[in-house]
Engineer: 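There's a structure below that I have some questions on.
Since the structure is predicted, the reported quantities are computational estimates derived from the model, not experimental observations. All values below come from the heavy atoms of this structure, side chains included, with hydrogens, waters and symmetry mates left out.
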Amino acid sequence: MASRAPSGQRRTHPFAQALRRAIDTRGLTLTEFHARLRTRGAEISLATLSSWRSGARLPEGQRSWEVVAVIEQVLGFPTGALSALIGPSHRTGRIGEVHFPW
């Protein structure tokens with residue numbers, strides 16, 4: 001999540017930085033990127049995608065990890081590269097297995 005840097009500037013989570021940079025590099029708006037994910041079967045709200053991009057929230061649950069796998073494909077990341085930036089879950093309890101929609 002976002003944190004304060006010693007200089008008083010906000011530091012964004014590495015996952016959010018990489019996601020934002022990749023979307024911007026491809027010249028996509030968040031709405032266009034969201035539409036591409038939906039055509040690949042990734043069920044995610046625009047609000048959630050926005051919060052991931054800003055670093056306000058991180059993917060946590062099984063469905064979120066499935067969406068991250070699709071994001072990696074759409075943005076051309078190697079498998080697991082973006083998800084490796086997320087870090088450990090802060091959820092309590094067991095997280096289910098990932099089931100891809102295809």
Engineer: Closer than 3.5 angstrom, by distance alone: can the side chain of Arg26 be matched with the main-chain N or O of Leu75 as a donor-acceptor pair?
Structural biologist: yes

Engineer: When rounded to the nearest 0.5 angstrom, what distance separates CG in Leu30 from CG in Leu37?
Structural biologist: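 CG of Leu37 is found 9.0 Å from CG of Leu30.
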
Engineer: Taking C-beta and beyond as the side chain, do Arg20 and Asp24 meet within less than 4.5 Å on heavy atoms?
Structural biologist: yes

Engineer: Closest approach of Ser83 and Trp65, non-hydrogen atoms and distance?
Structural biologist: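 Smallest heavy-atom distance, with atoms named: CB-CZ3, 3.4 Å.
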
Engineer: With rounding to the nearest 0.5 angstrom, report the CG to CZ distance, Leu28 to Phe33.
Structural biologist: 7.5 Å

Engineer: Which distance, rounded to the nearest 0.5 Å, do you find between the CD1 of Ile44 and the OG of Ser64?
Structural biologist: 6.5 Å

Engineer: I need the His34 NE2 to Ile23 CD1 distance, nearest 0.5 Å.
Structural biologist: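 It is 11.0 Å, given to the nearest 0.5 Å.
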
Engineer: Just how far is it from atom CG of Leu85 to atom CD of Gln17, taken to the nearest 0.5 Å?
Structural biologist: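 Result: 9.0 Å between the selected atoms.
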
Engineer: Under the side chain to side chain donor-acceptor pair (under 3.5 Å) rule, what pairs show up with a residue in residues 43-52, not counting sequence neighbours?
Structural biologist: Ser45-Thr48

Engineer: How close do Thr12 and Gly55 get, counting heavy atoms only, and between which atoms?
Structural biologist: CG2-CA, 4.3 Å

Engineer: Tell me every residue that passes side chain to side chain contact (heavy atoms under 4.5 Å, CB included) with Arg63, counting only those two or more places apart in sequence or in another chain.
Structural biologist: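 Listed in chain order: Glu66.
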
Engineer: Using side chain to side chain contact (heavy atoms under 4.5 Å, CB included) as the criterion, point out the one residue from Val67, Ile86, Leu19, Ile71 that pairs with Pro59.
Structural biologist: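 For Pro59, the side chain to side chain contact (heavy atoms under 4.5 Å, CB included) check succeeds only for Ile86.
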
Engineer: Considering non-hydrogen atoms only, spot the tightest contact between Ala18 and Phe77 and give its length.
Structural biologist: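 Between these two residues, the closest heavy atoms are O-CZ, 4.0 Å.
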
Engineer: Between the side chain of Glu72 and the main-chain N/O of Leu82, is any donor-acceptor distance below 3.5 Å?
Structural biologist: yes

